[in-house]
Amino acid sequence: MPELPEVETVRRVLSEVLPERTISGVRLRKPKMLKGQASATFIKGLRGRRIRNVGRRAKFLIIRLDRSALLVHLGMSGQIFFESPDSPLPMERVRPDRHTHLILDLDPAARLFFRDPRMFGRFALIDQEEENALFRRLGPEPLGRKFTSRSLGEALRGRRAPLKALLLDQRIAAGMGNIYVDESLHRAGIDPRIPGGELSERMVRRVHAAIRSVLREAVHKGGSSLSDFLDPRHRKGTFQLTLQVYGREGKPCPRCGAPIRKSVVGQRGTHWCPECQPKKRSG
DNA sequence: CTCGGCCTGCTC
DNA sequence: GAGCAGGCCGAG
């Protein structure tokens with residue numbers, strides 16, 4: 001499940017190999033993966049274009065061409081693989097399978113494969129204006145300068161929804177998903193069910209610091225490869241080895257040994273330690 | 001704000 | 001052979 005650290009990992013690999021290559025061929029095998037765009041428009045807009053750079057905003061990957069950009073959201077199970085004579089992939093990946101929805105042939109010789117078994121991901125060819133409009137609707141990058149404990153406190157003020165749900169809201173901070181919210185709240189020592197507006201200033205500071213340190217660490221470790229995440233060179237991340245609560249229901253909390261709890265909070269499976277993450281306000 | 005729908009693969 | 005997982009969006 002690619003969240004900010006996984007998408008950033010993909011971006012870093014692609015930004016080493018894609019710039020200055022030209023898209024010589026486009027094979028779109030699942031037009032359904034396009035977001036509000038006809039296949040012909042999409043293919044025409046890509047073919048012959050030169051890749052300038054690869055960016056990221058929240059969980060969006062943005063492959064910038066001369067005037068437009070290929071926007072990619074990896075959804076739940078999206079993968080991007082890169083293959084070139086210098087950087088071959090393992091044999092079984094070279095041949096596209098039924099989950100490979102888009103293939104880009106590049107020049108100098110290389111190929112990009114977009115796979116997504118669950119098909120929650122999306123592609124779109126967008127112009128600068130559309131990019132601006134999309135990104136304007138997102139909250140600050142949690143690792144950027146605009147995300148401060150003050151801005152977080154303001155965003156949470158008066159909110160009655162559980163903190164867990166608010167941190168998944170991309171308008172409050174953009175890029176976290178279920179894994180990293182649960183991990184951040186464990187690091188902060190705060191119960192995910194507490195209404196956002198009930199956090200003390202001190203608790204807001206702890207959540208803010210925890211989010212940043214968890215995400216930074218996860219980026220450093222190449223993301224979490226829980227079930228299917230692989231980077232464009234087919235390498236796994238290692239942050240899954242560091243997870244304290246996510247996917248660990250009933251297992252002992254690494255910090256205190258109490259069994260990790262799981263229930264649904266804000267319509268999402270939520271994991272926390274009942275001892276380390278007390279609900280009380282001063283916490 | 002809350003809920004269902006989109007999808008497939010994996011677990012019960 | 002059903003149900004769950006999950007990000008995001010549109011409907012209620």
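Per chain, numbering begins at 1; letters A, B, ... match sequence-line order.
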Original post:
Is the distance from OP1 or OP2 of C:dC4 to the nearest side-chain N or O of A:Lys262 less than 4.0 Å?
Top reply: no

Original post:
Is the distance from OP1 or OP2 of C:dA5 to the nearest side-chain N or O of A:Tyr246 less than 4.0 Å?
Top reply: no

Original post:
Which residues pass the side-chain hydrogen bond (donor to acceptor under 3.5 Å, both in side chains) test with A:Glu8, sequence neighbours left out?
Top reply: A:Arg11, A:Arg12, A:Arg56

Subject >> Listed once per pair and sorted, the ring pair (Phe, Tyr, Trp, His ring centres under 6.0 Å) pairs that draw on residues 6-44 of chain A, sequence neighbours left out >> reply: none

**OP:** Can you pull out how bent the helix from B:dC1-C:dG12 to B:dC12-C:dG1 is, comparing the axes over its first five and last five pairs, to 10°?
**Re:** 50°

Original post:
Can you tell me if A:Arg111 uses its side chain to pair, donor with acceptor, with the backbone of A:Leu104 under 3.5 Å?
Top reply: no

Subject >> B/S/- contact track for nucleotides 7-12 of chain C, protein heavy atom under 4.0 Å >> reply: BB----

Original post:
Who passes ring-ring contact (aromatic ring centres under 6.0 Å, His included) against A:His186, sequence neighbours left out?
Top reply: none

Original post:
Base, sugar-phosphate, or nothing for A:Gly121, non-hydrogen atoms under 4.0 angstrom?
Top reply: nothing

**OP:** Using a heavy-atom cut-off of under 4.0 Å over every strand shown, decide if A:Lys32 touches base, sugar-phosphate, or nothing.
**Re:** sugar-phosphate

Which side-chain hydrogen bond (donor to acceptor under 3.5 Å, both in side chains) pairs, counting each pair once, include a residue from [range], with sequence neighbours left out?
range                       : answer
residues 120-129 of chain A : A:Gln128-A:Asn132
residues 239-258 of chain A : A:Lys221-A:Thr242
residues 153-174 of chain A : A:Lys164-A:Asn178, A:Lys164-A:Asp182, A:Lys164-A:Thr270, A:Asp169-A:Arg171
residues 33-51 of chain A   : A:Glu20-A:Arg50

Original post:
5' to 3' on DNA chain B, which nucleotides open and close the contacts with chain A (atom under 4.0 Å from a heavy atom)?
Top reply: B:dC1 to B:dG9

Original post:
Under the salt bridge (charged side-chain N to carboxylate O under 4.0 Å, His left out) rule, what pairs show up with a residue in residues 22-32 of chain A, not counting sequence neighbours?
Top reply: A:Arg27-A:Asp105

Subject >> Sequence neighbours excluded, every pair satisfying salt bridge (charged side-chain N to carboxylate O under 4.0 Å, His left out) that has a member inside residues 57-66 of chain A >> reply: A:Arg52-A:Asp66, A:Arg57-A:Glu141, A:Arg64-A:Glu131

